[in-house]
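Notes follow once the structure below has been shown.
Below, read A as the first sequence line, B as the second, and so on, with proteins coming before strands; counting in each chain starts at 1.
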Amino acid sequence: MKVTGLLMMPSGWFIVLTALILLRGVVAQDLFVAAGAGVEILGLVLFTRSHLMVKRGHE
Amino acid sequence: MSPQLPAAAPELSQAFCIFFIFLLPLALAGLALINTGLSRSRSAAHSMMATLCVMGVAAAAYFVTGFAWQGYPGLPAHTLTIFGKEWSWLGAGNFFLRGLPLNGSPASLAALLQMLSVGLAALIPLGAAAERWRLRACCLSTVILAGITYPLFAHWVWGGGWLGRLGQNYGLGAGFLDAGGSSTIQAVGGLTALSMVWLLGPRRGKYNLEGMPAALPGHNTVYVLFGCILALVGWMGLNAAGSILFAHIEPGRTVLVAVNTLLAASGAVLAAAAITRYRFGKPDASLSANGWVCGLVASSAGCAYVPPAAALLIGLVAGALVTFTVAWMEAHLGLDDPAGAISAHALGGVWGILAVGLFPRTVKVAYLIVTGVAPGVIPSREMLAQAIANAPHPAMVPGGQMLAQIVGVATLVGFVLPLTYSLNWLLNRFVPQRIPPEEERHGADLYELGAGAYPEFMTHTDEFSQW
């Protein structure tokens, strides 16, 4: 879960960059940037949860 | 084209800039006092010693590689051309500041400012990882921050990099805006703090066997609150110098910068004091101090662009944000952050960045400053409309400024956080970063320095606790 979360954050960032480079329509660009940001947030949540699980495992 | 200081009076701008940069060490002193006051007495000397070491290492690392990789608009840089647009991704200057005349040129002033502000960024993780971070490890981690992470992101924002040019290349407002370093200094430092808290884990005794956090109050509230006042002076210098060097404002406009900085901090501390008074029955000094710092942090990005009322609003939101998130992260995310650095610097920085895109008038003013149409004045409504119509690159996408700010935040979360975590994880494999938990009982002072900060007053009430 930790590695998945860590990899999802840059993946979301690449989606954001790709939207900037490839898309010209305002709506499409906004949507893809939002999607990229969503992937990043999902990665951050997974990464955080993986640390919580490690902490609970130690308890 | 090499950038110049604002044209009206370059010597005046230079003098103002040098004066403001000389105020910046007060921000470091303030943050050092806050970090020390919020940690326990058994690690107070270690905290101050680590501050000095980290400042030294940060300045040295920035001198060796940092400025070469950060660069400054007009200096050499590595670029990629993607679909006809130039993406500058790394400075290509000389190591050891070779070839940079230290004569008051904008680039040399930027180098001086950055040698200090990278130290400020490096102090942020010290507060979050207090009482359990080895001295040697925090110095090595600072090399990573000051030599790699910070310059890379700062190049993208301040060094003529792709984030700062989103306006010119893609019509996103005036490009990513951050005059005083909410992103480059504060959020980068805050995300490094988050990485360190994840890597080191909580302090011994912070969580009981059921996972409930215990209160481990700081040892000196007076240090903390005095540190806040020192930090204000330093922050005014940081925001003003950054605004002259990176937002290219006229010196007279630094009055607005200082007013905005003060108002944001004021709004934040009042919001934090009022909320903690409402929640706990009495205002909480340490959370109010966190609110003050969060207000300063959030003020930095838009200090040169927003009107004073907006700065106050930004501060109020920052104060509210920090009071709720400090407790929430401690209780629900298991993040033991004695100085509240993750909330105040990372979240406060992100809020400051996004706030710039929220106010339409601010976006227009920023656009005029960045395009050089009206760098030194606060334009009237008519002047704004006329200047926008005649602006040099008028391709302003509606909502584009907010999109540029979001791309900046996405870069922090999607690039800076994984990078800093991975590099520090790697460092931890070779140099264990955490003080052994059994040694934490006696404090970092005794373990690392061999003597405590207050030898006459050694009372550690939890030495015989069971966890």
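A distance of 9.0 Å separates CG in B:Leu335 from NE2 in A:His51, rounded to the nearest 0.5 Å. Atom CD1 of B:Ile406 is separated from atom CG of A:Asp30 by 8.0 Å, given to the nearest 0.5 angstrom. In this structure, OG1 in A:Thr48 is found 7.0 Å from CG in B:Leu194, a value given to the nearest 0.5 Å. Taken to the nearest 0.5 Å, the CG atom of A:Leu20 stands 11.5 Å off from the NZ atom of B:Lys85.
Between B:Val413 and A:Trp13 there is no side-chain heavy-atom pair separated by less than 4.5 Å.
For B:Leu419, no part lies near chain A; criterion is any non-hydrogen pair under 4.5 Å.
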- Task: Take B:Leu172 and A:Gln29 through the side chain to side chain contact (heavy atoms under 4.5 Å, CB included) test and state the conclusion after the steps.
- Result: CA-CA 11 Å; B:Leu172 301 187; A:Gln29 206 173 43; 4.3 Å; yes

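Looking at every heavy atom in both residues, A:Leu52 comes nearest to B:Gly334 through CD2-N, 4.0 Å. Nearest heavy-atom pair, B:Ala410 versus A:Val16, reported as atom, atom and distance to 0.1 Å: CB-CG2, 4.1 Å.
Interface with chain B: from residues 38-46 of chain A, residues A:Glu40, A:Leu44 qualify, criterion being any non-hydrogen pair under 4.5 Å.
With chain B as partner, the option from A:Leu17, A:Leu7, A:Ile21 having the largest number of non-hydrogen pairs under 4.5 angstrom is A:Ile21.
With a 6.0 Å radius and a threshold of 12 heavy atoms from other residues, nucleotides or ligands, B:Glu439 has its CD atom above the threshold.
Ring orientation note: the planes of A:Phe47 and B:Trp198 are nearly perpendicular, at an angle over 60° on the 30°/60° scale.
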